[in-house]
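The structure appears right after this line, and notes come after that.
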Number of protein chains: 2
Amino acid sequence: MAKEKAQIAELDERKVKILIAVIRNYLETGEPVGSRTISKYTDLKLSSATIRNEMSDLEEMGYIFQPHTSSGRIPTDKGYRFYVDNLMSEKEREIQEKEDLIIEKADKLEEVLKQAAKLLAANTNYTALVSTPETHRNKLKFLQLSKVEKDSLLAVIVVEGNIIKNKMIHTEEEMDEDTILKLNLLLNTHLNGLSLEEINLGLITLLKERAGIHTEIISSVIDAVAEAIRADEDLEIYTSGATNIFRYPELMDSGKATDIINTFENKEELEKIVSTSLAENNAGKSEMQVYIGKEMASPAMQDCSVVTATYELGDGMRGTIGIVGPKRMDYEKAMGTMKSLMNQLDEIYKKK
Amino acid sequence: MAKEKAQIAELDERKVKILIAVIRNYLETGEPVGSRTISKYTDLKLSSATIRNEMSDLEEMGYIFQPHTSSGRIPTDKGYRFYVDNLMSEKEREIQEKEDLIIEKADKLEEVLKQAAKLLAANTNYTALVSTPETHRNKLKFLQLSKVEKDSLLAVIVVEGNIIKNKMIHTEEEMDEDTILKLNLLLNTHLNGLSLEEINLGLITLLKERAGIHTEIISSVIDAVAEAIRADEDLEIYTSGATNIFRYPELMDSGKATDIINTFENKEELEKIVSTSLAENNAGKSEMQVYIGKEMASPAMQDCSVVTATYELGDGMRGTIGIVGPKRMDYEKAMGTMKSLMNQLDEIYKKK
DNA sequence: GATTAGCACTCGATTGAGTTGAGTGCTAAC
DNA sequence: GTTAGCACTCAACTCAATCGAGTGCTAATC
């Protein structure tokens with residue numbers, strides 16, 4: 001969690017260059033990188049010996065470390081953090097419009113999101129994560145009870161953004177059309193236009209009182225409706241490309257890969273990621289977040305990095321998109337692809 | 001695909017005993033099993049040399065083979081087939097009621113199925129697979145169009161078994177309540193009680209004619225409704241415990257594990273399994289099927305076995321449950337657990 | 001004072017020879 | 001038909017030797 005922003009002051013320009021060179025190289029190869037490599041890689045003409053000294057300093061400062069004595073260096077979480085922060089503060093990278101990264105419009109939001117996850121995973125070779133938007137701030141737009149069978153009603157609820165919820169309600173005894181009509185009227189006059197979170201227990205009790213006489217059945221129906229409204233717990237999280245994790249030996253070998261993939265099957269764990277991302281975004285930070293290793297709540301994920309972003313579908317519905325990969329993920333590409341996808345989502349849904 | 005039922009005649013009693021011993025042992029250990037082991041394992045008092053001769057015969061007949069000269073034997077697909085067929089024909093095994101294998105009733109079918117998959121995977125240590133039931137033979141029970149906004153209608157469709165479908169329909173110009181009422185009447189009188197597959201193109205054109213005057217808008221609305229009805233393509237397949245595949249070294253080492261897990265993300269591939277299972281069940285075969293290795297269509301699965309069963313939810317809605325594991329899966333346990341789960345599903349849904 | 005060349009040293013990874021042991025096939029005796 | 005016995009096979013393991021990328025340190029150079 002401790003995202004201490006490294007003060008640039010700590011590092012002179014040369015160290016920065018070397019650090020970045022180390023990281024870039026490691027991102028590409030996945031192998032510890034040695035002084036000789038850097039000596040050639042960078043434009044600053046320095047011998048490996050000099051680089052060695054500088055690297056030694058960088059290690060002391062905690063930006064890089066050696067997996068074992070006498071091997072090259074690899075970045076620490078702090079190193080990655082520095083790199084990522086630097087990246088983000090750079091001029092907004094131009095979004096490369098990839099021709100194969102195009103969401104086809106689909107009828108259902110669900111389909112669009114699944115598709116987005118698939119595209120993201122296929123394009124980055126990491127694992128993609130997309131949550132359905134939360135709707136509890138959205139306003140109720142339409143509510144209707146209909147008799148489907150003698151002893152069951154169907155409640156249909158439409159929320160701003162055209163999210164539709166259904167619930168079959170079993171009634172102890174048959175309700176006549178007239179009562180249903182009145183009930184519909186009652187519910188609509190009182191609830192329409194309210195946001196889902198405003199429809200709370202107090203309001204429900206009030207409604208029941210208004211309903212008057214028939215209390216028993218009616219009150220149970222009202223309860224059922226309330227429950228259906230509240231059931232925005234149906235937050236879904238789609239993943240795609242889980243097995244992409246296998247592409248990265250550093251995760252594969254240590255057996256972490258299995259843990260990670262298991263985490264993708266675990267909704268609670270995923271919710272953690274999604275919700276922290278949403279929260280941070282609420283807190284007014286930049287639209288994309290990067291969590292590196294231990295910065296993440298989930299223990300199985302401590303060998304990963306996650307790039308998240310919050311999308312918003314016009315009507316204030318907000319959800320999270322994420323990319324999970326090894327720490328040495330190609331952050332630029334990940335963020336670029338993400339950005340491009342977000343733009344498309346915006347495009348598709350803004351006009352409503 | 002070639003499920004040649006081994007004629008028992010081919011094998012004398014002793015060979016059968018030895019074969020079964022080999023298989024049982026291999027199922028447990030996962031290691032090739034040698035003659036000495038069998039010599040002790042079985043009740044028939046025979047020296048390892050004799051066993052050796054018999055095993056040599058069994059190999060010639062294609063029931064077992066050696067991964068390399070001078071190692072124990074492991075079963076071939078044919079061997080497993082023999083074993084499984086034998087198992088199935090034995091007296092119906094008593095279903096062990098496991099206390100930790102109990103589905104909690106839930107409101108939505110979806111939740112129940114997801115739960116079933118989870119339980120199945122957790123109990124067997126294999127990967128579970130559950131498809132939502134197909135509904136195209138089910139009858140339309142309720143259909144309603146409502147105006148939600150000036151230029152959009154909501155179609156709500158309820159099918160036998162209380163499957164609910166929704167679709168927002170955008171209308172070019174506003175429709176007045178009266179027209180909607182008539183349209184509802186028209187649709188209901190003509191479609192109610194028909195099975196989804198009976199509602200075909202011909203019927204739709206007929207409807208459009210009946211609708212008369214307003215053709216343009218109305219016909220597009222009718223089309224949209226038809227589309228919503230036909231959209232029973234929303235066959236979902238839930239998986240659980242995908243990573244259980246990693247428990248089995250023979251799959252892990254060869255790198256097949258990744259392919260298999262990838263297959264679990266691929267809906268088309270899963271549909272193959274589900275649909276062949278449904279088809280076979282339709283063909284009146286026993287309620288549970290076992291596919292071993294190459295008997296399966298999916299190439300990535302050729303190192304697995306799959307146990308499938310078809311569940312039926314009272315109203316004729318049928319779906320598939322499956323267990324995917326290594327060929328050396330504990331078939332008895334898998335089938336037992338499956339059976340127990342099916343009974344529960346029956347229990348939960350029969351009373352309607 | 002910063003940079004560099006040079007050198008001894010470290011340590012994981014790779015190689016290959018040698019050993020072990022489970023298991024087989026075959027033959028001859030029971 | 002069954003069994004004991006023996007030679008043979010072959011994957012798996014062990015262990016030492018070697019390799020090589022990379023370091024840290026020192027002394028010379030700019």
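Labels below follow one simple rule: chain letters A, B, ... track the order of the sequence lines, proteins then strands, and each chain is numbered from 1.
Following rounding to the nearest Å, A:Asn25 (CG) and D:dA21 (C1') show an atom-to-atom distance of 14 Å. Whole-Å rounding puts the B:Gln66 CD to D:dC8 C1' distance at 13 Å. D:dG24 atom C1' lies 13 Å from atom CD of A:Glu60, rounded to whole Å. Summarising the geometry, the separation between CG on A:Asp57 and C1' on D:dC25 is reported as 15 Å, rounded to the nearest angstrom. Remark: C1' of D:dG1 and NZ of B:Lys15 are 12 Å apart, rounded to the nearest angstrom. Summarising the geometry, the separation between CE on B:Met55 and P on C:dA22 is reported as 16 Å, rounded to the nearest angstrom. Going from atom CG of B:Leu44 over to atom P of D:dT2 covers 11 Å, rounded to whole Å. As rounded to whole Å, 15 Å separates atom P of D:dG22 from atom CD of A:Glu59.
From B:Tyr126, atom OH reaches atom OG1 of B:Thr337 across 9.0 Å, with rounding to the nearest 0.5 Å. Here the CG-OG1 distance, from B:Leu341 to B:Thr124, works out to 10.0 Å after rounding to the nearest 0.5 Å. B:Leu27 CG to B:Asp330 CG: the interatomic distance, rounded to the nearest 0.5 Å, is 7.0 Å.
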Got a list of protein N/O to nucleotides 17-19 of chain C N/O distances below 3.5 Å?
none

Distances for protein N/O vs nucleotides 1-4 of chain C N/O pairs under 3.5 angstrom?
| from | atom 1 | to | atom 2 | distance (Å) |
| --- | --- | --- | --- | --- |
| C:dT3 | OP1 | A:Arg14 | NH1 | 2.7 |
| C:dT3 | OP2 | A:Arg14 | NH1 | 3.3 |
| C:dT3 | OP2 | A:Arg14 | NH2 | 3.0 |
| C:dT4 | OP2 | A:Ser47 | N | 2.9 |
| C:dT4 | OP2 | A:Thr50 | OG1 | 2.7 |

Shorter than 3.5 Å, N or O on both sides, protein versus nucleotides 28-30 of chain C: list them out with atom names.
none

Distances under 3.5 Å only, N/O to N/O: pair up the protein atoms with those of nucleotides 9-16 of chain D.
| from | atom 1 | to | atom 2 | distance (Å) |
| --- | --- | --- | --- | --- |
| D:dT9 | O2 | B:Ser70 | OG | 2.6 |
| D:dC10 | OP1 | B:Thr69 | OG1 | 3.2 |
| D:dC10 | O4' | B:Ser70 | OG | 3.2 |

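Under the rule for a ring-ring contact (aromatic ring centres under 6.0 Å, His included), the partners of B:Phe246 that lie at least two apart in sequence or sit in another chain are A:Phe246. Residues passing the side chain to side chain donor-acceptor pair (under 3.5 Å) test with B:Gln66: none are found, sequence neighbours excluded. A:Arg328 is linked by a salt bridge (charged side-chain N to carboxylate O under 4.0 Å, His left out) to A:Glu250, counting only residues two or more places apart in sequence or in another chain. Evaluation of the side chain to side chain donor-acceptor pair (under 3.5 Å) rule for B:Lys327 yields B:Asp77 as partners, not counting sequence neighbours. Annotation: side chain to side chain donor-acceptor pair (under 3.5 Å) contacts of A:Thr320 (sequence neighbours excluded): none. Every side chain to side chain donor-acceptor pair (under 3.5 Å) that B:Ser47 has, sequence neighbours left out, goes to B:Thr50.
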In a table with atom names and distances, give each donor-acceptor pair under 3.5 Å that connects a side chain of residues 38-45 of chain B to protein atoms at least two apart or in another chain.
| from | atom 1 | to | atom 2 | distance (Å) |
| --- | --- | --- | --- | --- |
| B:Ser39 | OG | B:Leu46 | O | 2.9 |
| B:Thr42 | OG1 | B:Ile38 | O | 3.0 |

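Judged purely by distance below 3.5 Å, without hydrogens or angles, the side chains of B:Ser305 and B:Tyr331 pair a donor atom with an acceptor atom. When only modelled atom types and interatomic distance are considered, A:Ser277 and A:Thr308 share a side-chain donor-acceptor pair under 3.5 Å.
The pair B:Arg24-B:Glu332 meets the salt-bridge criterion, since a charged nitrogen lies less than 4.0 angstrom from a carboxylate oxygen.
Closest approach of B:Ile260 and B:Ala300 over heavy atoms only: CG1-O, 3.6 Å.
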Chi angles and distances behind the salt bridge (charged side-chain N to carboxylate O under 4.0 Å, His left out) call for B:Asp259, B:Lys256: CA-CA 5 Å; B:Asp259 291 343; B:Lys256 312 265 175 166; over 6 Å; no
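Between the side chain of B:Thr243 and the backbone N or O of A:Ile261, no donor-acceptor pair lies under 3.5 Å.
Here A:Arg73 does not reach the OP1 or OP2 of D:dG22: none of its side-chain N or O atoms lies under 4.0 Å away.
Put simply, the side chain of A:Arg52 and the base of C:dG6 share a donor and an acceptor less than 3.5 Å apart.
Within residues 31-43 of chain A, no residue approaches DNA chain C, by heavy-atom distance under 4.0 Å.
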